[in-house]
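Quick note on labels: first sequence line is chain A, next is B, and so on, each numbered from 1. Excluded from the calculations below are hydrogen atoms, water molecules and symmetry mates; all remaining heavy atoms, backbone and side chain alike, are included. What you are looking at is a predicted structure, and each value in this text was computed from that prediction instead of being measured.
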Number of protein chains: 2
Amino acid sequence: MSSQPRYAAIKEHIRAQIESGKWPAQFRVPSENQLAQDFSVSRMTARRALSELTDEGVLMRSQGLGTFVAEPVPAGSLLEVRNIADEIAARGHSYANRILKLEQAQAGTEVAVALGLAEGAAVYHSIIVHLDNGLPIQFEERYTNPTLVPEYLQQDFTHCTPNEYLTRVAPLTEVDTTVEAVGASGEVARALEIAENSACLQIWRRTKSSSGTVSFARLVHPGSRYRLGAQLRF
Amino acid sequence: MSSQPRYAAIKEHIRAQIESGKWPAQFRVPSENQLAQDFSVSRMTARRALSELTDEGVLMRSQGLGTFVAEPVPAGSLLEVRNIADEIAARGHSYANRILKLEQAQAGTEVAVALGLAEGAAVYHSIIVHLDNGLPIQFEERYTNPTLVPEYLQQDFTHCTPNEYLTRVAPLTEVDTTVEAVGASGEVARALEIAENSACLQIWRRTKSSSGTVSFARLVHPGSRYRLGAQLRF
DNA sequence: TGTACATTCTTGTATATACAACTTGTGTTT
DNA sequence: AAACACAAGTTGTATATACAAGAATGTACA
């Protein structure tokens, strides 16, 4: 067993206060000296907890003023291809999904081009709605290349998302992502339980492994319930 | 003029070695003790330089082994801070803009936090609509830190965008980007000449230079006229 | 009244030190 | 030859201390 460092305990304590709502955004958190006294550590150790949380976007500091709880951070990341179930779990919410379709279909022009197959070739087609605390947060329509992932349809996606399964069986080498804003169509609006034509973030994602294009997905998020974030340094 | 901290000089030195190619990926960086000796600082100061570069993804460390140069990170166009005028020019279209507002204002809570200023402090506020072949393609609302860019309001933005000007006077070190989908508000809809509540891609962008947070902008694109793309490799 | 100054509390930088934990090589013992 | 013990070098954690810098408040003085 490995005991965690002392600054980690302070970080956890602060996170807990924030997540429980006791310390809302803009709340002034105890000073370095105060925390040092409360936790019986040196100021530098308390400082490390505050500094790391600041780097992580949880807190904001300003010399002479103090340390404050930052606005809640956006959920998704533009840089990583993350699993929606993991993202939800990381927020401490419950994950569930509804499988609306799981079938074999014929590739239309667009899908055929994206997957590098002939038009009319057999492809796997799935539509799944992902729920965050019971609230629909992503409409996922996916076309998968059967020659690369022959057992796709047999999977149990109630506890393992397609994304998770695919990255396991076919390690990614390249991902093309396109982001746009669209009004929700009838089908999407019903599935996401939002008004028709309300603003949605639509992500097109084509994933390739060494052997070819594995999958082509359209991910639609209600604009009011999802954001993408990225942090770049130079 | 403020002299930069000593650990920053060490960071710069290491970055310079990497960028010049002298220290390729996997190269073993001098140890904390070695750097401390070379730069005549304490080990903890040298350590800070290495730790920050590790957090930034530039280096990798492992206990007992040493510190090594990390693989360069992939970055797509979603991630570059590009000038909208250049983007339009690259497509061979004509660029123009309409300046709707250019004034000094008082920072509200959100703006103050984002810029690291006190609430009610003076900030520069501009609203500009960018046109692609005469069609509105971006609604740009920007708050700028007057202490870092005092001459912002005097600029002529008809041929040089704020983004272009800011990157020239204050080289960026860090950019936070958030992307979401929203329905166009009345003001935005009028400026972009689209229907109210139609889907728009809204990008929040906070740019920092070495001396602090320079600017905080909201960029709204009509969903039907704009997309963002990124390509990642692994 | 109001301006200037001093005080106090905050975060930021820097140092010196100590010990823990991990990795590698070296040498000794079995 | 294999196993073990040890030393050296590395990063990781933690402390005590000092001073610098920014911000707010109160106080003295003009």
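- The phosphate of C:dT13 (OP1 or OP2) has a side-chain N or O of B:Tyr7 nearer than 4.0 angstrom.
- Atom-to-atom, CG of A:Leu35 to C1' of C:dT11 comes out at 13 Å; the value is rounded to the nearest Å.
- Atom CD of B:Glu32 is separated from atom P of C:dA16 by 15 Å (rounded to the nearest Å).
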- Going through the checks in order, is the side-chain contact (heavy atoms from CB on, under 4.5 Å) test met by B:Leu115 and B:Val123? CA-CA 9 Å; B:Leu115 290 182; B:Val123 292; 3.9 Å; yes
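- Scanning residues 39-54 of chain B for heavy-atom distances under 4.0 Å to DNA chain D yields B:Arg43, B:Met44, B:Arg47.
- Put simply, the side chain of A:His130 never gets that close to the backbone of A:Asn97: no donor and acceptor are under 3.5 Å apart.
- In terms of modelled atom types and a separation under 3.5 Å, the side chain of B:Arg206 and the main chain of B:Thr178 share no donor-acceptor contact.
- At whole-Å resolution of the value, CG in B:Asn33 and P in C:dC19 are 16 Å apart.
- Side chain of A:Thr45 to backbone of A:Val41: no donor-acceptor contact under 3.5 angstrom is found.
- For the pair A:Leu59 CG and C:dT11 C1', the computed distance is 13 Å after rounding to whole Å.
- Taking atom CD of B:Gln34 as the reference point, atom C1' of D:dT11 lies 15 Å away to the nearest angstrom.
- Ion pairing between B:Glu52 and B:Arg47 fails under the 4.0 Å rule for side-chain N and carboxylate O.
- Close to D:dT11, at under 4.0 Å from its OP1 or OP2, lies a side-chain N or O of B:Thr67.
- A straight line from CZ of A:Arg6 to P of D:dG12 spans 19 Å, rounded to a whole angstrom.
- Side-chain atoms of B:Ser215 come within 3.5 Å of backbone N or O of B:Tyr143 as a donor-acceptor pair.
- Atom P of nucleotide C:dC22 and atom CG of B:Leu65 are separated by 12 Å, given to the nearest angstrom.
- Here A:Arg61 reaches the OP1 or OP2 of C:dG12: one of its side-chain N or O atoms lies under 4.0 Å away.
- B:Gln4 has its CD atom 17 Å from the C1' atom of D:dA21, to the nearest Å.
- In terms of position along DNA chain C, the nucleotide closest to A:Ser62 lies nearer the 5' end than the nucleotide closest to the other residue of the pair B:Ala8 and A:Ser62.
- With hydrogens and angles disregarded, a donor-acceptor distance shorter than 3.5 Å links the side chain of A:Ser20 to the backbone of A:Ala16.
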